[in-house]
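To find a chain, count down the sequence lines: A is the first, B the second, and so on, and within it residues start at 1.
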Amino acid sequence: MSEQAVTAQSEDFSRWYNEIVYRADLAAPSPVRGCVIIKPYGYEIWEGIKGGLDRRFKATGHQNAYFPLFIPESYIKREAQHVEGFSPELAVVTHAGGKELEEPLVVRPTSETVIGEAFSDWIQSYRDLPLLINQWSNVVRWELRTRPFLRTAEFLWQEGHTAHATHDEAEEETLQMLDIYADFAVEDAAIPVIKGEKSRMERFAGALRTYTIEAMMRDKRALQSGTSHNLGQNFAKAFDIRYLAENNAQAYCWTTSWGLSTRMVGAVVMTHGDDKGLRLPPKLAPHQVVIVPIYRKDDQKPLVMETVNRLESQINAAGIRVHVDRREGQSPGFKFNDWEMRGVPVRVEIGPKDVENNNAVLARRDVPGREGKQFVSQDGIAGALDALLNAIQANLLEDARAFRDRHISDVGSYDEMRQVVEGGNWARAWWNGSDEDELTVKDETGATIRCFPFDQPGGRGFCVKTGQPAQKVALFAKAY
RNA sequence: CGGGGCGUGGCGCAGCCCGGUAGCGCGCACGGUUUGGGUCCGUGAGGUCCCCGGUUCGAAUCCGGGCGCCCCGACCA
């Protein structure tokens, strides 16, 4: 368990992050380079994320399915930009069953290709459309540098794949799913995100358009937290996904894909965490409430535990995820710190005094020290907790939003942008530059275009780089 | 792939320069003590010192070779 303070965020943010991930018991190192073991506590957070998303997917008519881990190498090569984008990071199986395979098998980096191939069989008529499929799976991308949750060689995610009759329907789906990601991020993860479109350079390999939700971490770096792609007819043509229209004419489908990964766990850590550890939004917290019993001598224990057990079932009955810390060896002070490290939103302290006075101490994780503590009556404690959890959920979101907004500036010139970005902040600037200009900016400032936000100021301005008239502003930031 | 660092009980490290058969903190087990903000004391378990080879009476330590990992950059959800 944790026994000393972690490295402060202000001192070394990545070190802080790594320490938190291990000390909050989210993950453990794996024997394979670039992979991690997701421990139960970390996995429960992922399960919360899965639950929140899956519910939304189902509500919008999507069904889950599962496609194979292995993809024939030739499939990957069918869509020109797709190969180019993914080849460098593929893991390939060349041997199996004791002999060399006739055709190497790629471990999926994403499944557009296999799913596209399947779709071409499944879809015959316009009556088969739209086809709305989602898959929960693992994928492998052999990244050069990895960090737990943010970028690992193998990661868990969901990938949605849909096929539609028209471009507009596909576009509508692409945007709907982006909205779902944003809604999940804001409502469940308490992470304020900015919706926008990716630049040509940052677009998914093989997509017509890529949309993204971008979040600001506590070190002000940007984290692409979910993407939704309108694939146009690129994959439909490569995999022959056609349908017979009402007028008896063959037409290619329009497809989309969208994904969100275990990276979101990292986003939660880096958006809300502080120097004492994790701060989990109640909606995703494996334990929303932890009860720490306090007793001096053994004769006090039965009394205290009686109350604790009673409150536990009362809180449980109210649909709140509660955990009682029954460990014997540790002092209350140790437990306080331990649960703060793990980010449990509310701690309930029950000691002899509370038993006597019919009280309980509630301590909220998002407000440090005395200020975050309050006495409440044991009667109706569930109601008090419910209100408190809602307040914490809202406060974490507000806190993150205020932090983000403080660190985004509108800039009018390239020099100004440079200054803002070099200070670690985000810059909003008019842009009409070329791919090459974008690369230059990256070279010179370290920042990339995170997106062209949907929320545009309107009117027009002059591009910070080229000085030419521009219709849109872009967000620039250093990113993970 | 370029630059830097490191491989010693589960984790973090010392020992290496100057060879003599391995130690500290945390964690773990047991006993006691304590418990309203990281209690304290005692006892104990646990190690192919990354690998291979060489030098030597003797190698964690010296020499040669190899492997692995981490950090910073380029690539990326």
Side-chain angles (χ1 to χ4, degrees), chain A residues 1-6 12 14-15 18-19 22-23 28-34 84-90 109-110 138-159 181 198 201-205 210 212-215 222-229 257-267 276-277 292-298 300-301 304 325 327-341 347-357 359-361 363 368-370 372-373 375 439 442-443 446 448 450 478-480:
Chain A
M1 268 359 70
S2 40
E3 96 292 345
Q4 279 291 318
V6 285
D12 184 341
S14 0
R15 223 174 125 185
N18 281 319
E19 289 178 13
Y22 294 120
R23 291 175 57 170
S30 91
V32 178
R33 189 200 72 93
E84 203 186 315
F86 282 104
S87 316
E89 51 192 53
L90 295 178
T110 178
N138 57 342
V139 287
V140 169
R141 298 181 188 176
W142 217 253
E143 302 290 353
L144 302 175
R145 262 194 75 209
T146 58
R147 326 187 54 185
F149 296 113
L150 300 181
R151 180 170 304 107
T152 46
E154 177 190 9
F155 57 93
L156 305 181
W157 77 344
Q158 64 58 222
E159 45 178 327
Y181 286 156
K198 282 288 181 192
M201 303 243 20
E202 303 269 331
R203 197 176 281 161
F204 177 75
T210 287
T212 178
I213 50 171
E214 297 285 326
L223 188 73
Q224 177 178 311
S225 307
T227 47
S228 186
H229 317 289
S257 70
W258 24 277
L260 187 146
S261 73
T262 34
R263 170 177 264 198
M264 187 52 94
V265 177
K276 292 183 147 226
V292 177
I294 301 163
Y295 40 83
R296 208 173 277 275
K297 303 179 198 103
D298 269 350
Q300 290 178 333
K301 185 179 166 186
V304 168
D325 189 344
R327 286 179 292 180
E328 291 285 349
Q330 279 86 0
S331 66
F334 178 92
K335 292 178 179 178
F336 295 172
N337 284 285
D338 197 33
W339 292 113
E340 278 165 5
M341 173 62 65
R347 177 180 74 241
V348 177
E349 302 169 19
I350 302 289
K353 281 182 263 174
D354 307 300
V355 171
E356 199 178 319
N357 302 329
N359 273 343
V361 177
R370 257 180 202 299
K373 284 200 184 188
F375 287 90
L439 276 176
K442 189 177 181 184
D443 280 349
T448 49
R450 299 323 302 155
K478 290 182 185 163
Y480 273 101

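Distance Arg33(A) CZ to C67(B) C1': 15 Å, rounded to the nearest Å. When the P atom of C28(B) is taken as reference, atom CD of Glu328(A) falls 15 Å away, rounded to whole Å. Distance Asp12(A) CG to C70(B) P: 17 Å, rounded to the nearest Å. One interatomic measurement links the two molecules: CG of Asp298(A) to P of U34(B), which rounds to 10 Å at whole-angstrom precision. For Phe336(A) and U35(B), the CZ to P distance is 13 Å, given to the nearest whole Å. Rounded to an integer number of Å, the gap from CZ of Arg296(A) to C1' of U34(B) is 9 Å. Counting to the nearest Å, the P atom of G37(B) and the CD atom of Gln330(A) are 16 Å from each other. At whole-Å resolution of the value, CZ in Arg23(A) and C1' in G12(B) are 11 Å apart.
Within 4.0 Å (heavy atoms only), Lys297(A) reaches no atom of the nucleic acid at all. Among the atoms of the strands shown, base atoms are found under 4.0 Å from some heavy atom of Lys276(A). Gly351(A) comes within 4.0 angstrom of a nucleotide base, judged by non-hydrogen atoms across all strands. Base contact: Arg347(A) has a heavy atom under 4.0 Å from a base atom. Within the 4.0 angstrom heavy-atom criterion, no nucleotide atom of any strand lies near Glu19(A). Counting non-hydrogen atoms under 4.0 angstrom, Tyr295(A) reaches a base of the nucleic acid. Looking at heavy-atom distances under 4.0 Å, Val361(A) makes contact with a base. Note on Leu150(A): a base of the nucleic acid sits closer than 4.0 angstrom, heavy atoms only. Within 4.0 Å (heavy atoms only), Thr227(A) reaches no atom of the nucleic acid at all. Nucleic acid contact class of Pro352(A) (heavy atoms, under 4.0 Å, all strands): base. Contact annotation for Thr152(A): base contact, defined as any heavy-atom pair under 4.0 Å involving a base atom.
Under 3.5 Å, the side chain of Asp354(A) and the base of G36(B) form at least one donor-acceptor pair of N or O atoms. Evaluation of atom-type donor-acceptor distances gives no pair under 3.5 Å for the side chain of Arg370(A) against the base of G37(B). A donor-acceptor contact under 3.5 angstrom links the side-chain atoms of Glu340(A) to the base of G37(B).
Shown here are the salt bridge (Lys or Arg N to Asp or Glu O under 4.0 Å) partners of Lys373(A), two or more places apart in sequence or in another chain: Glu349(A). The side chain to side chain contact (heavy atoms under 4.5 Å, CB included) check on Tyr295(A) picks up Pro293(A), Gln300(A), Lys301(A), Val304(A), Met305(A), Glu328(A), with sequence neighbours excluded. Under the rule for a side chain to side chain contact (heavy atoms under 4.5 Å, CB included), the partners of Ser261(A) that lie at least two apart in sequence or sit in another chain are Phe155(A), Trp157(A), Arg263(A). A search for salt bridge (Lys or Arg N to Asp or Glu O under 4.0 Å) contacts involving Lys478(A) returns nothing, not counting sequence neighbours. Partners of Lys198(A) under the side chain to side chain donor-acceptor pair (under 3.5 Å) rule, at least two apart in sequence or in another chain, are Glu214(A), Gln224(A). Considering only residues two or more places apart in sequence or on other chains, Thr146(A) meets the side chain to side chain donor-acceptor pair (under 3.5 Å) condition with none of them. With sequence neighbours left out, the salt bridge (Lys or Arg N to Asp or Glu O under 4.0 Å) criterion links Glu19(A) to Arg15(A). Under the side chain to side chain donor-acceptor pair (under 3.5 Å) criterion, Lys353(A) pairs with no residue, sequence neighbours left out. Legend: residues meeting salt bridge (Lys or Arg N to Asp or Glu O under 4.0 Å) with Arg141(A), ordered by chain and number and at least two apart, are absent.
Ala205(A) and Gly85(A) make their closest contact through CB-CA, 3.8 Å (heavy atoms, listed as atom of the first residue, atom of the second, distance).
Distance check on atom C1': C13(B) versus A22(B) gives 14 Å, rounded to whole Å. Spacing of C1' atoms, G36(B) relative to C26(B), comes out at 26 Å, to the nearest Å. Atom name P, nucleotides U8(B) and C52(B): the rounded distance is 16 Å, in whole Å. If you take atom C1' in A59(B) and the same atom in C40(B), they sit 41 Å apart, rounded to whole Å. Separating the P atom of C69(B) from that of C63(B) is a span of 25 Å, rounded to the nearest Å. Distance noted for atom P between G9(B) and C41(B): 26 Å (whole Å). U56(B) and A60(B) have their C1' atoms separated by 16 Å, with the value rounded to a whole Å. Taking atom P on both G23(B) and C18(B), the two are 24 Å apart, rounded to the nearest angstrom.
Here the side chain of Gln158(A) pairs a donor or acceptor atom with the backbone of Leu260(A) at under 3.5 angstrom. A distance-only check finds no donor-acceptor pair linking the side chain of Asn337(A) to the backbone of Phe334(A) [under 3.5 Å]. Checking side-chain atoms of Thr448(A) against main-chain N and O of Lys442(A) turns up no donor-acceptor pair under 3.5 Å.
The shortest side-chain heavy-atom distance between Glu159(A) and Val139(A) falls under the 4.5 Å cut-off.
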Tabulated below should be each protein N or O lying under 3.5 Å from an N or O of nucleotides 4-9 of chain B; please produce it.
none

Using a cut-off of under 3.5 Å, enumerate the N/O to N/O pairs linking the protein to nucleotides 73-75 of chain B.
residue: G73(B); atom: OP2; partner: Arg145(A); partner atom: NH1; Å: 3.2
residue: C75(B); atom: OP2; partner: Lys442(A); partner atom: NZ; Å: 3.0

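Heavy-atom distances to RNA chain B give each of Val32(A) and Phe149(A) a nearest nucleotide, and the one nearer the 5′ end belongs to Val32(A).
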query: For Val6(A) and Arg23(A), what are the C-alpha separation, side-chain angles and deciding distance, and is it a side-chain contact (heavy atoms from CB on, under 4.5 Å)?
result: CA-CA 9 Å; Val6(A) 285; Arg23(A) 291 175 57 170; 3.6 Å; yes

- line: Writing each nucleotide of RNA chain B 5' to 3' as (, ), [, ], | or . by Watson-Crick or G-U pairing under 3.5 Å yields ((((((((.[[[[.)....(..]]]].(((((.......))))).....[[[[[..)....]]]]])))))))....

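You'll find that the side chain of Asn18(A) is closest to C71(B), out of U35(B), G37(B), C71(B).
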